[in-house]
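All values below come from the heavy atoms of this structure, side chains included, with hydrogens, waters and symmetry mates left out.
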Amino acid sequence: MTETEKFAKIISDSENIAFFGGAGVSTESGLKDYRSRDGIYNTAVNYGLPPEEILSHGCVLGNPELFYRFFRDYFITDTKPGFTHKALAELEQMGKNVAVITQNIDGLHQRAGSRRVYELHGTASKFYCVNCGEEYDLDYVRNSSQNVPKCEKCSGLVRPRVTMYGEMLDGKVVDAAIRAIANADVLIIGGTSLAVQPAASFVGYFGGEHTIIINKEETPYDSRAELVFHESIGDVFRRVMKILREKSEENP
């Protein structure tokens with residue numbers, strides 16, 4: 001039995017699946033990751049400040065013009081879900097109880113059809129006024145005539161519901177994500193180097209039988225995993241889904 005066949009069998013035999021994903025899930029949709037050689041942190045050099053400083057609590061409030069120039073360039077896009085996003089949603093359609101825990105803010109898992117998505121770092125598709133709390137959607141910001149969108153009610157700064165550097169993660173989302181990981185039969189870690197804390201530490205709550213890692217580079221958890229694939233996450237899921245679909249057709 002090949003490693004891919006083992007992966008497919010584990011999914012087939014499991015009911016509760018937790019997927020913990022990072023930027024590598026969305027790079028196959030054309031988005032940049034953060035820390036690779038071609039990632040945002042190493043290529044965004046024309047803004048006057050390092051990206052880590054731009055994506056901070058201090059910058060979004062203290063220099064919103066710079067923040068939004070950067071945010072619009074990298075995070076307000078028309079990107080469509082990739083194969084992995086669609087595969088996870090398809091597993092739900094096959095009757096699996098899938099929880100997606102993501103470090104990404106692009107909303108692509110929901111657009112692909114996944115219903116249980118825990119966005120640890122928030123979302124770039126929802127916005128709110130820092131003064132009065134009025135809610136706004138992506139279209140409001142995208143269609144604003146100003147680089148920095150302002151609240152229609154109080155003219156306050158409208159910012160994304162994204163956890164910036166210097167801010168705390170949403171406690172309710174964290175608790176729900178940890179419960180999903182702890183209650184899963186299988187944990188799939190994909191497209192992440194597990195370098196970002198505290199989010200990466202959440203995989204330590206997994207107490208199930210099967211851990212599978214899919215990442216192009218090594219991670220600190222490789223030695224703990226039953227299966228490790230150092231390749232494109234989309235390629236791995238294409239092979240696995242082919243097997244699962246064939247099995248489903250044989251046993252309708």
Side-chain angles (χ1 to χ4, degrees), residues 10-11 14-26 33-35 52 55-57 60-61 75 81 84-85 87-89 91-93 95-130 133-138 159-215 219-221 224-226 233:
I10 288 171
I11 292 179
S14 301
E15 293 299 322
N16 298 308
I17 299 169
F19 178 84
F20 184 91
V25 179
S26 294
D33 64 12
Y34 294 90
R35 292 172 173 78
E52 297 96 320
L55 296 173
S56 70
H57 175 82
V60 69
L61 297 181
F75 297 103
T84 302
H85 301 107
L88 292 167
L91 290 178
E92 279 193 52
Q93 297 167 10
K96 301 298 180 182
N97 183 20
V98 181
V100 176
I101 301 95
T102 179
Q103 300 171 85
N104 298 332
I105 62 173
D106 50 46
L108 293 178
H109 285 291
Q110 292 94 325
R111 289 175 60 189
S114 288
R115 291 174 293 179
R116 289 181 64 204
V117 181
Y118 304 107
E119 296 172 302
L120 296 176
H121 298 144
T123 176
S125 61
K126 296 179 181 179
F127 298 76
Y128 68 98
C129 173
V130 300
E134 183 72 10
E135 301 278 348
Y136 293 94
D137 61 17
L138 179 59
R159 61 159 287 179
R161 285 203 174 277
V162 173
T163 302
M164 304 296 173
Y165 285 104
E167 297 178 338
M168 300 290 290
L169 299 182
D170 185 307
K172 292 182 179 179
V173 175
V174 168
D175 290 345
I178 289 175
R179 283 197 301 271
I181 291 171
N183 294 329
D185 305 316
V186 54
L187 173 63
I188 305 169
I189 301 169
T192 173
S193 61
L194 295 174
V196 178
Q197 298 295 345
S201 66
F202 299 162
V203 301
Y205 288 91
F206 178 63
E209 186 176 354
H210 307 288
T211 300
I212 299 162
I213 295 178
I214 314 167
N215 195 57
T219 81
Y221 277 78
R224 308 185 196 185
E226 180 176 352
I233 187 170

Tell me, please, which residues at least two apart from [X] pass side-chain hydrogen bond (donor to acceptor under 3.5 Å, both in side chains).
X	answer
Ser56	none
Ser125	Thr123
His121	none
Glu134	Lys153

Non-neighbouring partners of Phe127 that pass ring-ring contact (aromatic ring centres under 6.0 Å, His included), sequence neighbours left out: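 Phe127 satisfies ring-ring contact (aromatic ring centres under 6.0 Å, His included) with no other residue.
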
Results of ring-ring contact (aromatic ring centres under 6.0 Å, His included) for Tyr136 - residues two or more places apart only: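 With neighbours one apart ignored, the set is Tyr140.
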
Would you check if [X] and [Y] make a side-chain contact, meaning some heavy-atom pair closer than 4.5 Å?
X	Y	value
Ile11	Val186	no
Val203	Tyr221	yes
His109	Val25	yes
Ile214	Ile189	no
Leu91	Phe19	no

Closest heavy-atom pair and its distance - [X], [Y]:
X	Y	result
Val100	Ser114	CG2-OG, 4.1 Å
Thr219	Thr192	CG2-O, 3.6 Å
Leu169	Pro198	CD1-CG, 3.8 Å
Asn104	Ser26	ND2-OG, 3.5 Å
Gly191	Ile233	N-CD1, 4.0 Å
Pro220	Ser193	CD-O, 3.3 Å

List the residues meeting side chain to side chain contact (heavy atoms under 4.5 Å, CB included) with [X], not counting sequence neighbours, and say none if there are none.
X	answer
Asn16	Asn97, Asp185
Ile178	Val174, Phe202, Tyr205
Ala176	Tyr118, Arg179

Any chance you could lay out the side-chain contact (heavy atoms from CB on, under 4.5 Å) test for Thr211 and Glu226, step after step, and finish with the verdict? CA-CA 6 Å; Thr211 300; Glu226 180 176 352; 5.6 Å; no

The criterion is salt bridge (Lys or Arg N to Asp or Glu O under 4.0 Å); which residues satisfy it with Glu135, sequence neighbours excluded?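 Here the qualifying residues are Arg161.
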
Roughly how far, to the nearest 0.5 Å, is the CG atom of Leu194 from the CZ atom of Phe20? 6.0 Å

About how many Å separate CD1 of Ile17 and NE2 of His210, when rounded to the nearest 0.5 Å? 10.5 Å

Are Gln103 and Glu119 close enough that a side-chain donor and a side-chain acceptor fall under 3.5 Å?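 No, no side-chain donor-acceptor pair sits under 3.5 Å.
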
List the steps and the verdict of side-chain contact (heavy atoms from CB on, under 4.5 Å) for Thr102 and Val117. CA-CA 7 Å; Thr102 179; Val117 181; 4.1 Å; yes

Listed once per pair and sorted, the side-chain hydrogen bond (donor to acceptor under 3.5 Å, both in side chains) pairs that draw on residues 162-172, sequence neighbours left out: Tyr41-Tyr165, His57-Glu167, Arg159-Glu167

Listing request: all salt bridge (charged side-chain N to carboxylate O under 4.0 Å, His left out) pairs with a residue in residues 95-116, at least two apart in sequence or in separate chains.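 For residues 95-116: Glu92-Arg115.
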
